[in-house]
2 protein chains.
Amino acid sequence: MNEARRKPISNAHRAVLQLREMIFSGELAAGSDHLETELADRLGMSRTPVREAALLLESQGLLEMRPRKGVRILPVSAEDMREVYDVLTELESLAAERAAERGLTEQDLAALHAAIDDMERAISADDLEAWAAADDRFHAELVRLGGNSRIRMIVAMMSDQVRRAKASTLFLRPVPVKSNEDHRAVYAAILAGDPATARRIHRNHRRQARDVLTGILEQMRLRTL
Amino acid sequence: MNEARRKPISNAHRAVLQLREMIFSGELAAGSDHLETELADRLGMSRTPVREAALLLESQGLLEMRPRKGVRILPVSAEDMREVYDVLTELESLAAERAAERGLTEQDLAALHAAIDDMERAISADDLEAWAAADDRFHAELVRLGGNSRIRMIVAMMSDQVRRAKASTLFLRPVPVKSNEDHRAVYAAILAGDPATARRIHRNHRRQARDVLTGILEQMRLRTL
DNA sequence: GCGTAATTTTGTGTATGCATTAATAAACGC
DNA sequence: GCGTTTATTAATGCATACACAAAATTACGC
């Protein structure tokens, strides 16, 4: 399951986690620049581990290091989301297909099922944040079941980029009722060992999600930028 | 085209290039360990830029940094290649599909066509190295034409991993004659604006490549490990 | 001899200092 | 005043120093 959590708890690692959190929370605004020294001060460590963290986050596409200008928190455009969703669509669909090929039992799929139930509950309770969290869990678990560690890594990376865009559009999006139908159908197809169906449904699911999100981002852009 | 080549020529960047080269050439053998200090000495610089380079290469999956054990050059297993090819298959197929959707002209596809011709020529001349290089160019160009920068990045990353496996199996693999038929068919489908065909053919192409390579790797493993 | 504790060695993670050079401000000619 | 050149400032990239902890080695008890 969690195969690689042996890296102690270096400052560099803490810097990665904290910077990510600061980016997701908006404390480091999209498009803003920050000197290495400033970040080091804010995190209470020297430039070295901050630099290493920034290097990693740069490779993940969350920020960009520009000599003398500081690290720039990358903004997320509708075009970016189109790219990201295209990747997610392909790789998650494959994961669903592969998961369905493996003859998994209800027990294996327990976490997936739990995520679906959580989403249902969150919708009933009108708790969009909880819904988003459960939705993330569903997708992460689906990819895990696909059994390809590289897909898991890439999807996690792309999901991070999506998460930022979603955070700002969460309350603008329609309540995702239809969405959970898809989730249940994917679940059923995997349990039934039907790869083609699992793939097809998840694919359409992601396609729609992409269109909804990019649509909203484009509207927002017209108003705010 | 080359959108981001403004990074000067830092030592860190040189370290990335040189380490990559050393890994591909086998100068740093798969599975071997190397202390940061050793690498720094060999590259004629201090540990700092070497460390930054290693961090990047770690995120690319070429090596692993283990506290006190040194930098381990990751070996490539058949299972790894199966994962990598699955990713390549999905993303390159999408790139082919997207390329076909864009209504590209013969001129736009010139580089792709050139790569195909080069492969043909290399096969006639029995120059497997040249063929491999041209094949790489074909795939890189195809992905470029797909117009998704993230796919380009991921494919480049995965291709690096494949390149290492290919280097050791190049002369074991059958001469790829059928392969170029696929390439030409993909080319034709893109030019004709037929996304579905472009996708389907490229998909099968990659699937076969995967089976050939993993098959050989498994055989090798039986003998050498 | 052999298992265990003490000691030394060694590599990493981090802090720090500094040279380089880009960016900015100041000085200057016109 | 304004464009150009020079001086100043400041941020990075890198080298270096060092503390800490893991590993290896030795010393020791039995």
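These numbers come from the heavy atoms of this one structure, side chains and all, not from hydrogens, waters or symmetry mates. The chains referred to below are lettered A, B, ... by the order of the sequence lines, with proteins before strands, and numbering in each begins at 1.
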J.: Just N and O in the side chain of T48(B): are any of them under 4.0 Å from OP1 or OP2 of dC14(D)?
T.: no
J.: Check the distance between dA22(C)'s C1' and I9(B)'s CD1 and give it to me in whole angstrom.
T.: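 Interatomic distance, CD1 of I9(B) to C1' of dA22(C): 14 Å.
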J.: Is E64(A) salt-bridged to R72(A), cutoff N-O under 4.0 Å?
T.: no
J.: After noting the C-alpha distance and the side-chain angles of H183(B) and H139(B), does the key distance pass the ring-ring contact (aromatic ring centres under 6.0 Å, His included) rule?
T.: CA-CA 9 Å; H183(B) 292 143; H139(B) 287 274; 5.6 Å; yes
J.: Between dT16(C), dA15(D), dC14(D), spot the one nearest the side chain of M45(B), thanks.
T.: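 Per side-chain heavy atoms of M45(B), the pick is dA15(D).
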J.: Measure from the side-chain heavy atoms of K69(A) and tell me the nearest of dA15(D), dA23(C), dT12(D).
T.: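 Of all the options, the side chain of K69(A) is nearest to dA23(C).
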J.: What is the distance from CD of E36(B) to P of dT14(C), rounded to the nearest Å?
T.: 11 Å
J.: Find the distance D41(B):CG to dT16(D):P and express it as a whole number of Å.
T.: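 Rounded to the whole Å, the gap is 11 Å.
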J.: Answer yes or no: side-chain N or O of R47(A) and base N or O of dT12(D) forming a donor-acceptor pair under 3.5 Å.
T.: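 Side chain to base: no pair below 3.5 Å.
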J.: Distance check needed: dT12(D) C1' versus E38(A) CD, whole Å only.
T.: 15 Å
J.: Can you tell me the distance, in whole Å, between the CG atom of D33(A) and the C1' atom of dT12(D)?
T.: 14 Å
J.: Choose from dT12(D), dA15(C), dC14(D) the nucleotide whose nearest atom is closest to any side-chain atom of A12(B).
T.: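 Of the options given, the side chain of A12(B) lies nearest dC14(D).
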J.: Which nucleotide, dA11(D), dT12(C), dA15(C), lies nearest any side-chain atom of L35(B)?
T.: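 Of the options given, the side chain of L35(B) lies nearest dT12(C).
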J.: Looking only at heavy atoms, which two atoms of H202(B) and A96(B) are closest? And how far apart?
T.: CB-CB, 4.3 Å
J.: Heavy atoms from C-beta onward define the side chain here; which of dA23(C), dT14(C), dC14(D) lies closest to that of S10(A)?
T.: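 Selected nucleotide (nearest to the side chain): dT14(C).
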J.: Rounded to whole angstroms, how far apart are CG on L43(B) and C1' on dC14(D)?
T.: 14 Å
J.: If we ignore angles and hydrogens, is there a donor and acceptor under 3.5 Å between the side chains of Q18(A) and R42(A)?
T.: no
J.: What integer distance in Å separates R72(A):CZ from dA11(D):P?
T.: 16 Å
J.: Provide the closest heavy-atom pair for R98(A) versus G146(A) in the form atom of the first, atom of the second, distance.
T.: CB-O, 3.6 Å
J.: Specify the separation, in whole Å, of atom CD of E52(B) and atom C1' of dT14(C).
T.: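 Between C1' of dT14(C) and CD of E52(B): 13 Å.
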J.: Identify which nucleotide among dT14(C), dT12(C), dA10(D) has an atom closest to any side-chain atom of N11(A), counting heavy atoms from C-beta outward.
T.: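 Closest nucleotide among those given: dT14(C).
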